[in-house]
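Okay, structure first, notes after.
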Amino acid sequence: MNIAHWLERSAQQFAATPALFHGDHCVADYAGFASRAAALACALTRQGIGPGDRVAIFMKNTPDYLIVLFGIWYAGAVAVPINAKLHGKEAAWIIDDSGARLAFVTPDCGTALADASDVARMDVSSSGYAAMIQGAGLPPLSRGPDDMAWLFYTSGTTGRPKGVQITHGMLATVSLCYPVDVDSVAQTDAAFYAAPMSHGAGLYAPVHIRMGARHICPTSDGFDPAQVLEVASHQGPLSMFLAPTMVRRLVDAAKQIGADGAGIKTIVYGGGPMYRADIEDAVQVLGPRFVQIYGQGECPMAISALSRHEVADRSHSRWRERLVSVGRAQSAVEIAIGDADGHPLPAGQMGEIMVRGAPVMPGYWRNPEATAKTIRDGWLMTGDMGQLDAEGYLTLQDRSKDVIISGGTNIYPREIEDVLLTHPMVHECAVVGRPSAEWGEDIVAFIVLQKDARTDEKEMDALILSELARFKRPKQYRFVPDLPKNNYGKVLKTDLRRMLTKDTE
Ligand code: AMP
């Protein structure tokens with residue numbers, strides 16, 4: 001089944017229901033949304049773009065994003081969404097790797113791309129695009145569950161991104177898991193696109209389309225927490241996906257203006273570690289509106305989930321352990337913890353998280369070597385270290401490559417970061433290993449303090465020693481103005497390690 005059938009069906013069922021919004025402005029109802037996508041498909045077909053052909057989307061979040069995405073699917077082609085924050089050269093590399101024949105762009109992204117690639121561009125603010133989305137349309141072309149729908153380039157914290165092949169079947173499964181494992185969806189809801197649609201936020205569009213919900217793109221350029229609160233207050237109930245750093249910013253903004261999150265139905269958070277102090281604070285300020293998911297490009301959004309109740313519960317005897325977990329397996333996957341050879345380990349043991357099931361990718365795009373390393377005996381090797389408890393809660397420690405081995409002992413930076421973050425002066429931190437002749441690796445903590453805050457190594461050390469074993473004590477605390485991050489806000493520990501290696505040379 002082509003996932004675009006969901007839009008076709010919603011256009012029949014909810015024809016006059018408002019569908020696409022730019023801020024407060026309604027751009028299209030469901031009938032208009034579907035007819036534009038269908039017309040775009042017709043225009044693509046006239047250009048010779050058809051089943052399996054790749055079409056890039058290098059656009060900021062706008063309502064046209066969804067028209068383009070579904071138009072590509074109506075035509076049976078494959079969308080290649082590219083994060084709008086990428087440099088033109090990075091986008092050009094993805095376009096080249098994917099073999100995309102055309103790129104839909106917003107004007108700013110188009111300018112960035114023009115210098116780096118000679119791929120044909122279609123600016124969604126142009127008259128050419130306006131003509132493309134008018135007139136006769138095509139019904140969605142028939143597609144099988146194994147046909148590719150979305151070529152998703154993993155953000156990666158090292159090396160070049162890899163293209164994850166997301167099929168129509170995977171998209172349907174991930175979408176159907178949402179109401180089972182994450183949150184209910186009602187026609188009265190609105191999906192709010194605060195995070196890049198090229199990533200998780202966009203993957204949640206199909207289920208909201210099928211339910212006839214509204215889709216709202218913010219008018220702000222980038223993430224504006226004050227606008228989220230404002231839109232929620234008069235356009236709610238809003239559901240949105242946010243990365244942990246965005247949750248923090250939203251909570252800070254709410255505190256500043258004394259907002260309580262009214263109008264926000266659900267914030268799904270994930271994509272990176274959420275520290276316990278932050279999520280406790282978030283629930284305190286905004287209420288029980290949070291659900292956590294754990295996924296990765298290779299099994300998008302669908303590995304595990306921690307429910308709204310579990311995120312907000314403070315009465316269960318083990319609520320703290322649950323809150324720092326990423327919840328339990330979502331319905332379409334099996335999770336196991338593997339040893340170095342990928343053999344499943346018993347409950348409670350630490351190892352690499354392995355996942356199997358319908359939402360797992362068939363492989364990377366034109367990269368059989370990387371696929372063979374990542375999918376072993378049908379299991380997706382996530383590269384994340386963690387453990388499962390007897391009740392099925394999964395707790396992540398670190399990416400396997402981030403584990404520090406000092407004196408032959410594995411040390412999980414997350415544990416140390418969790419303790420440092422309980423200090424009121426600490427805003428952010430990242431703990432990494434530094435090569436050491438004596439120990440193999442030493443522990444170094446990079447710390448960003450709150451604005452105007454003051455503290456010193458001694459105080460940090462006392463805190464660590466009050467909570468953790470001595471061998472987990474950082475050898476050095478480095479106070480820095482900020483941490484290097486990629487375009488999705490993930491800390492680039494590789495850069496920090498590189499910095500330390502340079503220092504020791
Ligand atoms: P990406 O493929 O770019 O979405 O990155 C996926 C990676 O982000 C995972 O392999 C994890 O390391 C991390 N991640 C995703 N969700 C969570 C979560 N809820 N908690 C901690 N880390 C997460």
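As the structure lists them, so they are numbered: ligands from 1, and atoms in each ligand from 1. Count residues from 1 along the sequence.
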Side chain or backbone, does Thr382 bring an N or O within less than 3.5 Å of an N or O on ligand 1?
no

Answer yes or no: does an N/O atom from Ile293 fall short of 3.5 Å to an N/O atom of ligand 1?
yes

Are the aromatic rings of His199 and Phe152 close, with centres under 6.0 Å apart?
yes

For ligand 1, which atoms sit closer than 4.0 Å to a heavy atom of Gly297?
1 (P), 2 (O), 4 (O)

Are the aromatic ring centres of Tyr178 and Tyr204 under 6.0 angstrom apart?
yes

Are Ser175 and Arg210 close enough that a side-chain donor and a side-chain acceptor fall under 3.5 Å?
no

With a heavy-atom distance limit of 4.0 Å, tell me whether Met274 approaches ligand 1 through its side chain, its backbone, both, or neither.
neither

Does Asp384, backbone or side chain, put an N or O under 3.5 Å from an N or O of ligand 1?
yes

Heteroatom proximity flag, Gly271 to ligand 1, N/O under 3.5 Å:
yes

Under a 4.0 angstrom heavy-atom cut-off, which atoms of ligand 1 come close to Val326?
18 (C), 19 (N), 20 (N)

Short N-O contact, Glu391 and Arg318, less than 4.0 angstrom
yes

Looking at non-hydrogen atoms alone, which of Gly272, Gly295, Gly327 comes nearest to atom 18 (C) of ligand 1?
Gly272

Using distance alone, determine whether Tyr294 and ligand 1 share an N or O pair under 3.5 Å.
no

Relative to the ring of Phe70, is the ring of Trp73 parallel (under 30°), tilted (30 to 60°) or perpendicular (over 60°)?
perpendicular

Lys60: salt bridge (charged side-chain N to carboxylate O under 4.0 Å, His left out) partners, not counting sequence neighbours
Asp108, Asp221

List ligand 1 atoms under 4.0 Å from His199, heavy atoms only on the residue side.
3 (O), 4 (O)

Contact between Ile293 and Val182 at the side-chain level, heavy atoms closer than 4.5 Å - yes or no?
yes

Hey, is ligand 1 close enough to Tyr269 that some N/O pair sits below 3.5 Å?
no

